[in-house]
Protein chains: 2
Amino acid sequence: MGSARDMAYDIHAMPTATRPTPEAFVPEGDRLSARTEALLDRADSLCVKRGVRMTALRRQVMGLMLESSHPLRAYDLLEQLQARHAGAAPPTVYRALDFLLEHGLAHKIERLSSFVPCVHVLDHSHDHDGDCAHATQFLICRTCARVTELEDGGIVRAIALASRGSGFHVQHSTIEIEGLCAECLASGTNESASLPPQ
Amino acid sequence: MGSARDMAYDIHAMPTATRPTPEAFVPEGDRLSARTEALLDRADSLCVKRGVRMTALRRQVMGLMLESSHPLRAYDLLEQLQARHAGAAPPTVYRALDFLLEHGLAHKIERLSSFVPCVHVLDHSHDHDGDCAHATQFLICRTCARVTELEDGGIVRAIALASRGSGFHVQHSTIEIEGLCAECLASGTNESASLPPQ
DNA sequence: AGCGTGATGTTATAATATATCAATATGAAA
DNA sequence: TTTCATATTGATATATTATAACATCACGCT
Ligand SMILES: [Zn+2]
Ligand SMILES: [Zn+2]
Ligand SMILES: [Zn+2]
Ligand SMILES: [Zn+2]
């Protein structure tokens, strides 16, 4: 029943030199917000430091996520990508996502089979070394579908403690917390944003 | 109705008219362990208390999970189910799973798109009321693929605290912790059990 | 220019999950 | 018992999510 996801404003303000094909005569309708541009540039320079390439495609996918208020599914991204990028197919998107996930520039929300850009690209003290996989937790609002990324030490410690109690060595944790965000609580709106139950 | 045990695996004790094909003369090969039978009976009586029905199909699916050392995917269950239940199709399994999840008799491991029986069916002080949705956390071993269900208050409190800090009202949390279990740590084996990376 | 590597294009298919409607079973009411 | 409403299952089709496999292309290096 996936439908009616918001259209995202497009991505097309990349550096001209970066653009892959000459097929792109789309009249540059939709610009990215200043914030998005800044974050993309930040992500780009992180990639340079790490000796990996933030290609036009990857930047475009990252841009789509940054411009969205909520998590996007792979095929949402594909659809939006196709508007500008005729040949795009599922692997196009999944590869870009794999790269972004691998480098900690995006995260997958398992419960939603959806993806969000990492909010810590900005403040990355994480820069230099390869701690792309930081410990994160997500707050998922069932009403407005917005997702908030946390990096809460208390949760991490509690998990470490409980795991140690079972003799378990933690490598990665998926923490996805569903409920109602502060805004939706305040406004009393309660229509669920078509999230899976429970 | 006949005792729950009668229905347990004797799917062929169904009205003849119901049976799709005559091919089904499977001679009752596989018995369930005593532990599984006990847990099934426990689950059954929980259902009675709640006024819902632990049908033969549901019991069979639950039994398959209980007999497995690791999480099973829906189509794993389907395949095993089909050995006894000729007409089984994807909805057959997903419906049974929906029921079991709804009543807290099983859990879905999102990271693995797989399902495990709830270990707390036994000690359910949870009996009477409808707290089917207890707060759980899962330890997933990347080497042996076994999953351990926890109910750790420390984790729950840490999550409540962090969420409150964001003005967020928690309804449900998905906590899936990947790493190495005590046994695999001890034995030093490290071949991954084909789990997803990171 | 020639080469090696990583990135993308392209097609096909696997794996996971749900929609829909028909048939049947179940338990309670009449 | 018969009747009825509802829950469950059967059966088919399809939606959604994700990957395999191989060809081609772009980039950096010599
Ligand atoms: Zn992050
Ligand atoms: Zn909200
Ligand atoms: Zn449980
Ligand atoms: Zn293990």
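Below, read A as the first sequence line, B as the second, and so on, with proteins coming before strands; counting in each chain starts at 1. Excluded from the calculations below are hydrogen atoms, water molecules and symmetry mates; all remaining heavy atoms, backbone and side chain alike, are included.
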Query - ILVMFWY cluster membership beyond A:Val119 - transitive side-chain contacts under 4.5 angstrom - result: none
Report task. Name all residues meeting the ring-ring contact (aromatic ring centres under 6.0 Å, His included) criterion together with B:Phe99; count only those two or more places apart in sequence or in a different chain, and write none if there are none. Result -> B:His103
Query raised in the report: Under 4.0 Å between a side-chain N or O of B:Lys108 and OP1 or OP2 of C:dT16?
Result: no
Distances for protein N or O near nucleotides 20-23 of chain C N or O, under 3.5 Å:
residue, atom, partner, partner atom, Å
C:dT20, O4, B:Arg95, NH2, 3.3

Report task. Could you state the atom-to-atom distance from CG of A:Leu72 to P of D:dT17 in whole Å? Result -> 12 Å
**Report entry** Between A:Thr174 and B:Glu110: side-chain donor-acceptor atoms closer than 3.5 Å
**Finding:** no
Query raised in the report: 5'-most contact on DNA chain C: A:Ala89 or A:Ala96, nearest heavy atom basis?
Result: A:Ala96
Query raised in the report: Transitive ILVMFWY cluster of B:Leu161 at side-chain heavy atoms under 4.5 Å: who else is in it?
Result: none
Query raised in the report: Hey, does A:Tyr75 reach any base, or is it just sugar-phosphate, or nothing, if we go heavy atoms under 4.0 Å?
Result: base
**Report entry** Residue pairs passing the side-chain hydrogen bond (donor to acceptor under 3.5 Å, both in side chains) test where at least one lies in residues 157-171 of chain B, sequence neighbours excluded
**Finding:** A:Arg142-B:Gln171
Query raised in the report: Taking OH from A:Tyr94 and P from C:dT13, how many angstroms apart are they, rounded to a whole number?
Result: 18 Å
**Report entry** Integer-rounded Å distance: C:dT16 C1' and A:Glu110 CD
**Finding:** 13 Å
**Report entry** Distance in angstrom units between B:Arg73 CZ and D:dA18 P, rounded
**Finding:** 15 Å
Query raised in the report: Within the structure, does a side-chain N or O atom of B:Thr55 lie under 4.0 Å from either OP1 or OP2 of D:dT9?
Result: yes
**Report entry** Check: A:Phe115 ring centre within less than 6.0 Å of A:His107 ring centre
**Finding:** no
Query raised in the report: A:Arg58 CZ to C:dT8 C1': how many Å, rounded?
Result: 10 Å
Query raised in the report: For the side chain of B:Arg53, counting heavy atoms from C-beta on, which of C:dT18, D:dA18, D:dT8 is nearest?
Result: D:dT8
Query raised in the report: Once you round it to whole Å, what is the distance between P of C:dT26 and CG of B:Leu57?
Result: 12 Å
Query raised in the report: Closer than 4.0 Å, any side-chain N/O of B:His85 to the OP1 or OP2 of D:dG10?
Result: yes
Report task. Could you tell me the separation between the CG atom of A:Leu97 and the P atom of D:dT19, rounded to a whole number of Å? Result -> 10 Å
Query raised in the report: Nearest-Å distance, CG (A:Leu78) to P (C:dT10)?
Result: 13 Å
Requested in this report: List, by chain and then residue number, the residues other than B:Leu139 in its hydrophobic cluster (Ile/Leu/Val/Met/Phe/Trp/Tyr, side-chain heavy atoms under 4.5 Å); write none if there are no others.
Outcome: A:Leu139, A:Leu150, A:Ile155, A:Ile159, A:Phe168, A:Val170, A:Ile175, A:Ile177, B:Leu150, B:Ile155, B:Ile159, B:Phe168, B:Val170, B:Ile175, B:Ile177
